[in-house]
Amino acid sequence: MAAQLAVLQMNSSDKVEGNLIQAEKLIQQAAYRGAKVIVLPECFASYAGKDTLQIAKQESDSNGPIRQLLARLAAQHKVWLIGGSIPFLPKENSADRRAFSACFVYNDKGKELGQYSKIHLFDVTVSDSKGQYQESKEYMSGSHLLIVDTPIGRLAPLICYDLRFPELFRALINYGVEIICLPSAFTAVTGAAHWDVLMRARAIENFCYMAGADQAGIHADGRETFGHSMIVDPWGKVIAAAETDQPEVIMAEVDLNRLHQLRGRMPSLKHRQDQLLRNIKVYHYS
Ligand SMILES: O=C(O)CNC(=O)[C@H](CS)NC(=O)CCC(=O)C(=O)O
């Protein structure tokens, strides 16, 4: 059964209220156009602000206003929401000074199913106006994966920089995942160099759909994100992409029959030689 998957491209500021209005408008648009699953971008509620820990504590349980809004919108529009990322600090970690960057997932009845917290943190030097990124200053790494069985397929969220770690995608494929969602805030510089290639590579090597919801444009601290939100099919074809660097809804059909047909015709996932590679002999002449 083919069904609609949507990714939202946003330009989030450091003002929560305006961002939530932007997110709600785009969710409404996507639902109106028939989306069954909607993916929000990384830091959709607040980006490049100074409120990470404050939001993380406010959202420490499902009564947090942002988590409540996502649950309400999912039920109201009867859509699954892959909730981008928000800062999150569970009560048991309340003494910590850093948060998790968490993607909360909601089914179409508004039930919060769980969250994935970003594992790989972007401590990187980029030749842009910000230069030195140190995500680990504000965030801690997550330590689990989340997989949900949705009406359009078995789906898992990862977040942004995770895209550069192919082993993480393989771990998900080993559990039968068919759609990998990537809430992101790729920098304009590294996005221009790698976003398209990495998104297509992950889709090709795992025969999965890739749904990248990216931040776009200029943000509160002057940093620029790449946009180019896109949906890539299991053959590596970009089947839907943002046409602008403005907030917009990008949608495509997911066809699981085609995904499994492709995996059958090119069973590379079955041809893996993990066992051999684990104990492989290596001859190194220098
Ligand atoms: O820190 C925050 O406030 C929110 N998090 C982000 O914007 C994160 C870390 S700075 N951005 C990325 O991970 C970009 C990855 C990327 O661009 C790449 O892998 O090339």
Side-chain angles (χ1 to χ4, degrees), residues 7-16 18-19 23 39-59 66 82-89 96-104 115-142 157-169 180-202 210-230 232 242 245:
V7 299
L8 306 184
Q9 177 161 290
M10 289 179 65
N11 175 257
S12 296
S13 71
D14 57 350
K15 305 274 183 296
V16 172
N19 293 332
V39 189
L40 281 73
E42 182 174 29
C43 299
F44 76 93
S46 174
Y47 190 44
K50 303 199 178 344
D51 52 4
T52 301
L53 207 51
Q54 176 207 331
I55 294 177
K57 291 183 173 175
Q58 167 197 287
E59 300 298 326
I66 300 171
I82 314 303
S85 74
I86 58 170
F88 165 57
L89 200 55
D96 283 328
R97 306 300 305 151
R98 296 184 299 159
F100 293 104
S101 176
C103 176
F104 285 91
Q115 56 85 15
Y116 163 75
S117 286
K118 187 175 183 180
I119 290 174
H120 299 91
L121 300 175
F122 193 64
D123 291 357
V124 172
T125 305
V126 177
S127 52
D128 65 3
S129 61
K130 185 174 168 58
Q132 190 54 47
Y133 289 78
Q134 198 187 357
E135 193 171 21
S136 63
K137 198 156 155 246
E138 289 199 295
Y139 291 98
M140 298 182 278
S141 291
L158 296 176
I159 299 175
C160 204
Y161 188 43
D162 285 331
L163 179 61
R164 294 177 182 275
F165 301 86
E167 58 278 12
L168 194 49
F169 290 72
I180 298 178
C181 300
L182 201 82
S184 295
F186 248 67
T187 75
V189 168
T190 55
H194 302 148
W195 169 258
D196 171 274
V197 173
L198 288 171
M199 283 287 288
R200 296 188 61 225
R202 294 293 96 83
M210 284 291 296
D214 203 14
Q215 290 282 350
I218 308 290
H219 301 272
D221 63 355
R223 73 174 82 174
E224 186 179 357
T225 49
F226 184 59
H228 293 79
S229 301
M230 61 170 64
V232 187
D245 62 358

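Whatever order the structure lists ligands and atoms in, that order sets their numbers, starting from 1. Since we're looking at a predicted model, the values are computed, not measured. Starting from 1, each residue takes its place in the sequence as its number.
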Trainee: Considering the options Asp221, Thr187, Val189, which one meets the side-chain contact (heavy atoms from CB on, under 4.5 Å) requirement together with Lys130?
Mentor: Asp221
Trainee: Test your reading of the structure: does Glu138 have an N or O sitting under 3.5 Å from an N or O of ligand 1?
Mentor: no
Trainee: What is the closest protein heavy atom to atom 4 (C) of ligand 1, and at what distance does it sit?
Mentor: Cys43 SG, 3.3 Å
Trainee: Can you tell me how far the CD atom of Gln115 sits from the SG atom of Cys103, to the nearest 0.5 Å?
Mentor: 8.5 Å
Trainee: With atoms numbered from 1 as shown, which atoms in ligand 1 lie under 4.0 angstrom from a non-hydrogen atom of Thr190?
Mentor: 16 (C), 17 (O), 18 (C), 20 (O)
Trainee: With a 4.0 Å heavy-atom cut-off (strictly under), which part of Gln215 contacts ligand 1: side chain, backbone, both or neither?
Mentor: neither
Trainee: Regarding ligand 1, does Glu135 bring an N or O atom to under 3.5 Å of one of the ligand's N or O atoms?
Mentor: yes
Trainee: Walk me through whether Arg97 and Glu138 qualify under salt bridge (Lys or Arg N to Asp or Glu O under 4.0 Å).
Mentor: CA-CA 8 Å; Arg97 306 300 305 151; Glu138 289 199 295; over 6 Å; no
Trainee: Between Arg223 and Tyr47, is NZ or CZ placed under 6.0 angstrom from the six-membered ring centre and within 45° of the ring axis?
Mentor: yes
Trainee: Tell me the protein heavy atom at minimum distance from atom 12 (C) of ligand 1, and give that distance in Å.
Mentor: Cys160 SG, 3.3 Å
Trainee: Identify which of Lys118, His120, Arg164, Lys130 has a heavy atom lying nearest to atom 18 (C) of ligand 1.
Mentor: Arg164
Trainee: Using the six-membered ring wherever Trp is involved, compare the ring planes of His228 and Phe226 and label them parallel, tilted or perpendicular (cut-offs 30° and 60°).
Mentor: parallel
Trainee: Ring-plane angle category for His120 and Phe165, please: parallel below 30°, perpendicular beyond 60°, tilted otherwise.
Mentor: parallel
Trainee: Measure from NZ or CZ of Lys137 to the centre of the six-membered ring of Tyr139, then state whether that distance is under 6.0 Å and the direction lies within 45° of the axis.
Mentor: no
Trainee: Looking only at protein heavy atoms, which one is nearest to atom 11 (N) of ligand 1, and how far off is it?
Mentor: Ala185 O, 3.5 Å
Trainee: Measure the distance from atom 10 (S) of ligand 1 to every protein heavy atom, then report the residue, atom name and distance (to 0.1 Å) of the closest one.
Mentor: Tyr133 CD2, 3.4 Å
Trainee: If hydrogens are left out, which of Lys137, Glu42, Arg223 has an atom nearest to atom 2 (C) of ligand 1, that is, the closest non-hydrogen atom?
Mentor: Arg223
Trainee: I'd like the name of whichever of Tyr47, Tyr139, Phe122 reaches closest to atom 7 (O) of ligand 1 through any heavy atom.
Mentor: Tyr47
Trainee: Between Ser46 and Asp51, does any side-chain donor sit less than 3.5 Å from a side-chain acceptor?
Mentor: yes
